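Remember, it's a predicted structure, so these values are computed and weren't measured experimentally.
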Amino acid sequence: MPDQRTIFPLGDIGVIVTEWARRFPAEPALIDPDGATTWAELDARVGAYSARLGAMSVGARVVLHLPQASRSVALVLACARAGIDAVLVSSLYPESRAHDARDNAAAHSVLTLEGNEIVAVGAREPPCESPPAQGREPRVGVLTSGSTGPPKCALHTWSSLEIAVKRSPRREGKRWLLCYPLSHIAALQVMTQCLINRSPLVIPADSSPTTAASAIMKEAVQCLSSTPTFMRQLLHGAPPRFWATAALEQIILGGEMVDDRILGALREVAPATRITHVYATPELGPVIVVGDGREGFDPALLDGQRLKVEGGELFVRRSAASMQGYVGHVDATTVEWWPTGDLVSVEDGRARVRGRTHDIINVGGFKVSPAEVEAVLREIDGVRDVCVVAHPSSLAGNLVKAIVAVAPDADRGQVRGAALALCRARLPAHTHPRVFEFVDRLATTITNKQDRGSVEDGR
């Protein structure tokens with residue numbers, strides 16, 4: 001077997017699929033509600049899809065509108081094998097998002113899957129005559145969230161995605177649950193992890209905590225990567241005795257701020273499980289991995305070599321795991337330091353992310369980080385999760401509003417009183433919530449993050 005760093009000549013990740021198919025043909029590679037796909041079956045499907053793409057003359061770049069299913073993984077790998085750039089859009093998003101991505105990414109076609117068949121659902125006219133470029137590693141396009149403007153398409157190579165993955169015999173065969181849409185950078189990292197280490201990838205029917213818990217139990221899942229928001233839902237929504245009987249060996253949290261409360265809750269229900277949290281972005285890939293069980297990270301990492309803080313914002317130096325650039329925008333290979341939009345401070349010997357620059361609420365000239373208020377409110381009994389947003393005010397410009405998801409048996413009046421008392425004891429007056437809204441469950445994005453934008457007052 002070739003060394004990990006030479007597995008993918010010109011990004012041909014299909015090489016390792018073929019290798020596993022040759023050596024372990026009957027072992028499962030992918031598992032979804034339709035059943036298991038073996039390595040031999042996956043390799044055959046990748047080959048068939050690759051040939052079909054060639055016959056369709058789709059050009060050098062396509063947008064894939066991907067169902068959350070095993071066959072979509074095969075289509076992504078087929079593009080790599082055929083030398084085609086693939087911009088990924090989950091079918092959890094409407095088709096219009098895929099068409100917008102086609103236009104913005106200068107792609108020729110939008111392809112999807114109907115059953116096992118590749119179907120073009122949007123193609124430019126005239127038909128494409130440009131074949132994939134020879135001698136260039138095909139790229140994978142990942143859309144940014146669009147929280148600060150229209151989504152951009154960050155281009156990675158399979159080689160850059162591979163950088164963050166460790167190949168080890170002890171990792172082989174570990175079953176991973178996919179808790180992200182297939183178009184998400186974290187999903188690509190999990191997919192690459194599974195491909196390199198011959199690990200079955202389990203794709204549930206949907207992303208609800210009940211479905212996830214069922215898939216974990218049914219398929220004996222050992223590893224999962226998810227957002228803290230999803231994990232809080234799983235902590236509260238999993239059936240009785242789930243944590244006592246699940247075979248989880250590793251949990252990775254990412255995509256949002258990770259606080260001591262969620263880490264402590266997981267240690268309590270899964271004391272034997274290895275729990276880490278990862279700081280990553282669509283542009284930069286994984287940047288920081290924390291395995292000491294504590295919120296934040298070692299400030300020694302802010303040494304100006306790979307990480308630094310300027311004006312309170314975290315900057316990351318480009319690495320081999322970084323994107324090549326945005327389609328139609330900047331070439332990332334010419335930019336040394338990237339602003340992340342995350343606010344970081346060092347207190348009590350720990351560097352902590354304090355929120356996002358674009359989430360800051362201006363209250364009468366004072367700046368409020370919603371994440372800091374949320375962390376305090378989550379400590380209150382009966383609070384399952386909380387989202388803090390701006391509430392328009394004619395006097396102060398904005399006030400702080402707390403949208404609180406509470407347990408069914410919680411007394412909302414008592415929760416409000418406890419919230420105000422705790423905020424008075426722990427936070428400056430301008431950060432105190434003046435408006436409360438109680439809900440059974442917070443709104444979340446398709447990527448299982450807080451959907452702050454959809455609940456912000458005035459939107």
| task | List the steps, then state whether side chain to side chain donor-acceptor pair (under 3.5 Å) holds for Ser70 with Asp32. | result | CA-CA 6 Å; Ser70 295; Asp32 67 11; 3.2 Å; yes
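Sequence neighbours left out, the pairs with a member in residues 304-314 that pass side chain to side chain donor-acceptor pair (under 3.5 Å) are Lys308-Glu310.
Every residue was checked against the salt bridge (charged side-chain N to carboxylate O under 4.0 Å, His left out) condition with Glu95, not counting sequence neighbours, and none meets it. Residues meeting the side-chain contact (heavy atoms from CB on, under 4.5 Å) test with Ala78, sequence neighbours left out: Val46, Tyr49, Ser50, Leu53. Under the side-chain hydrogen bond (donor to acceptor under 3.5 Å, both in side chains) criterion, Arg441 pairs with Gln233, sequence neighbours left out. Taking Arg61 as the reference, Asp85 meet the side-chain hydrogen bond (donor to acceptor under 3.5 Å, both in side chains) condition, with sequence neighbours excluded. Judged as a side-chain contact (heavy atoms from CB on, under 4.5 Å), and not counting sequence neighbours, the contacts of Thr281 are Tyr279, Glu283, Leu284. Scanning for ring pair (Phe, Tyr, Trp, His ring centres under 6.0 Å) contacts around His184 gives Tyr180, with sequence neighbours left out. For the side-chain hydrogen bond (donor to acceptor under 3.5 Å, both in side chains) test, residues two or more places apart in sequence or in another chain that qualify with Ser208 are Asp206, Thr211. The side-chain hydrogen bond (donor to acceptor under 3.5 Å, both in side chains) test applied to Gln250 returns no partner, not counting sequence neighbours. With sequence neighbours excluded, the residues satisfying salt bridge (charged side-chain N to carboxylate O under 4.0 Å, His left out) with Asp342 are Arg356. Residues that satisfy the salt bridge (charged side-chain N to carboxylate O under 4.0 Å, His left out) test with Arg274, not counting sequence neighbours, are absent from this structure. Considering only residues two or more places apart in sequence or on other chains, Glu347 meets the salt bridge (charged side-chain N to carboxylate O under 4.0 Å, His left out) condition with Arg354.
Side-chain atoms of Ser91 come within 3.5 Å of backbone atoms of Leu66 as a donor-acceptor pair (strictly under, hydrogens ignored). Distance alone, capped at 3.5 Å, places no donor-acceptor pair between the Ser214 side chain and the Thr210 backbone. Thr157 contributes no side-chain N or O that, together with a main-chain N or O of Arg139, makes up a donor-acceptor pair within less than 3.5 Å. Ser199 places a side-chain N or O within 3.5 Å of a backbone atom of Arg171 that can act as its donor or acceptor partner.
A 6.0 Å sphere centred on CG of Asp103 holds more than 12 heavy atoms belonging to other residues, nucleotides or ligands.
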